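Since the structure is predicted, the reported quantities are computational estimates derived from the model, not experimental observations. Order of the sequence lines fixes the chain letters, A, B, ..., with proteins taken first and strands second; residue numbering starts at 1 for each chain.
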Number of protein chains: 2
Amino acid sequence: MAQDRPPSNRSTTQRAAVLRAVESVHTHPNAEEVYRLVRKNMPNISLATVYRNLHLLADEGKLREVQFLGDVLRYDAMTDPHEHFYCRACHRVWDLDSSLPETVLRATERKTHGSIERYALDYYGLCSHCRKSTTSRD
Amino acid sequence: MAQDRPPSNRSTTQRAAVLRAVESVHTHPNAEEVYRLVRKNMPNISLATVYRNLHLLADEGKLREVQFLGDVLRYDAMTDPHEHFYCRACHRVWDLDSSLPETVLRATERKTHGSIERYALDYYGLCSHCRKSTTSRD
DNA sequence: TCCACTAATAGTAATTATTCCTATTAATGG
DNA sequence: CCATTAATAGGAATAATTACTATTAGTGGA
Ligand SMILES: [Mn+2]
Ligand SMILES: [Mn+2]
Ligand SMILES: [Zn+2]
Ligand SMILES: [Zn+2]
């Protein structure tokens with residue numbers, strides 16, 4: 001039974017532009033924001049193409065998907081393991097160095113009913129800017 | 001300037017039923033699943049009421065919102081800090097004891113641009129059941 | 001116990017985010 | 001340069017959530 005090999009991904013200008021857009025910012029943009037960025041240079045790329053390529057690039061490991069409570073999927077060009085702080089007021093994201101000790105990861109691997117392929121450690125709160133300008137609530 | 005106090009939440013049978021539904025399962029149900037559960041005893045509760053009360057109960061700290069990559073909001077009656085393993089194939093969730101050392105949390109608190117109110121540590125992979133029954137890919 | 005007030009609900013419409021569909025375009029290997 | 005077919009543009013469809021509004025039902029006082 002001949003394995004039908006997966007079609008090799010063609011390299012399109014759209015795909016390259018989507019990747020470059022995410023790499024060009026440190027804001028962890030969502031699909032809509034990537035769409036806006038790419039359209040500056042490629043005014044009639046379609047939104048569906050942006051979505052398709054974001055997923056594809058994430059599958060290939062060139063981008064990382066991140067998502068915070070109640071927010072939509074966002075994309076991160078920093079694929080090395082690291083953690084995030086998410087401000088619940090302005091929805092901005094800060095990168096944090098990896099702080100989860102290897103020992104913790106190993107211990108969880110033992111306890112868990114499955115194999116751990118990845119993890120997300122997300123911190124939530126108010127950023128210093130929003131702490132000044134608001135009276136605590138959202 | 002007189003503070004107009006927030007209206008005190010009335011206790012409705014719907015709200016109690018929503019809370020009980022989430023407490024009755026360990027599956028971390030989403031709104032639709034809670035809706036199905038509640039309708040067994042309260043056949044014409046509306047979906048909007050379920051959504052509204054889930055949010056409200058989360059605000060009150062009686063429920064905790066959780067969300068995994070690419071999935072919708074789910075609810076957890078276990079409000080004490082703990083962590084999760086999420087199977088990317090069957091989308092089931094396992095509770096894990098808290099494994100993030102206090103020292104790590106403190107260190108992050110110093111590094112971070114804001115104050116940490118909560119965090120989520122989510123592990124992703126294939127559960128043992130799905131590892132047996134599938135040929136690796138989703 | 002009754003009532004007035006108004007928060008909460010049921011039912012439905014609207015919105016948002018994402019995926020699906022399909023005719024057309026363009027990357028690629030020969 | 002072609003033939004093949006993956007990928008795209010544009011728009012329709014779907015899924016999840018929120019908004020709207022007439023009606024219902026908690027609640028605190030009389
Ligand atoms: Mn990041
Ligand atoms: Mn849990
Ligand atoms: Zn902020
Ligand atoms: Zn599984």
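To the nearest 0.5 Å, atoms CG (A:Leu121) and CG (B:Leu105) are separated by 9.0 Å. Atom OH in B:Tyr123 sits 3.5 Å away from atom OG in B:Ser99 (nearest 0.5 Å).
Taking the ring axis of B:Tyr124 as reference, the NZ or CZ atom of B:Arg88 does not stay both within 45° of it and closer than 6.0 Å to the ring centre.
Each of C:dT6, D:dA9, C:dG11 was ranked by its minimum atom distance to the side chain of A:Thr49; first place goes to D:dA9. Nearest nucleotide to the side chain of B:Arg10, out of C:dG11, D:dA7, D:dT27: D:dT27. Candidate nucleotides D:dT4, C:dA7, D:dA9 were compared by shortest atom distance to the side chain of A:Ile45, and D:dA9 ranks first. Residue A:Ala31 places its side chain closer to C:dT18 than to any other of D:dT17, C:dT18, D:dT4. In this structure, of D:dG10, C:dT18, D:dT5, it is C:dT18 that holds the atom nearest to the side chain of A:Val72.
For D:dT27, one of the phosphate oxygens OP1 or OP2 lies less than 4.0 angstrom from a side-chain nitrogen or oxygen of B:Ser11. Distances shorter than 4.0 Å separate some side-chain N or O of A:Gln14 from OP1 or OP2 on D:dA9. Checking the phosphate oxygens (OP1, OP2) of D:dT17, no side-chain nitrogen or oxygen of B:His55 falls inside 4.0 Å. Phosphate proximity of D:dG10 to A:Ser46: absent, as no side-chain N or O sits under 4.0 Å from OP1 or OP2. OP1 or OP2 of C:dT19 has not a single side-chain nitrogen or oxygen of A:Tyr51 nearer than 4.0 Å. At the phosphate of D:dA7, OP1 or OP2 sits under 4.0 Å from a side-chain N or O atom of A:Asn9.
Ring geometry for B:Tyr86 against B:His91 counts as parallel: the plane angle stays under 30°, on a 0 to 90° scale with 60° as the upper cut.
B:Tyr35 places its OH atom 14 Å from the P atom of D:dA16, with the value rounded to the nearest Å. Rounded to whole angstrom, the span from the CG atom of B:Leu73 across to the P atom of C:dT16 amounts to 17 Å. A straight line from CZ of A:Arg74 to C1' of C:dT16 spans 16 Å, rounded to a whole angstrom. Remark: P of D:dT14 and CD of B:Glu32 are 16 Å apart, rounded to the nearest angstrom. The CZ-P distance, from A:Arg36 to C:dA17, rounds to 10 Å in whole Å. One interatomic measurement links the two molecules: CG of B:Leu54 to P of D:dT18, which rounds to 10 Å at whole-angstrom precision. Distance B:His91 NE2 to D:dA15 P: 15 Å, rounded to the nearest Å. As rounded to whole Å, 14 Å separates atom C1' of C:dT19 from atom CD of A:Glu65.
Under the 3.5 Å distance criterion, with hydrogens and angles disregarded, no donor-acceptor pair is assigned to the side chains of A:Asp122 and A:Gln67. Using modelled atom types, one finds no donor on one side chain facing an acceptor on the other under 3.5 Å when comparing A:Asn30 with A:Arg74.
The side-chain heavy atoms of B:Leu54 and B:Leu63, taken from C-beta on, include a pair separated by under 4.5 Å.
When heavy atoms are screened at a 4.0 angstrom cut-off, A:Asn53 is found touching the sugar-phosphate backbone but no base atom.
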Validation: residues 22-29 of chain B side-chain donor-acceptor distances under 3.5 Å, sequence neighbours left out:
unit_1, atom_1, unit_2, atom_2, d
B:Ser24, OG, B:Ala21, O, 2.7
B:His28, ND1, B:His26, O, 3.4
B:His28, NE2, B:Asp76, OD2, 3.1
B:His28, NE2, B:His84, NE2, 3.2
B:His28, NE2, B:Asp95, OD1, 3.0

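Both B:Leu47 and A:Arg15 lie close to DNA chain D; mapped to their nearest nucleotides by heavy-atom distance, the more 5′-ward contact belongs to A:Arg15.
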Protein-nucleotides 19-23 of chain D N/O pairs under 3.5 Å:
none

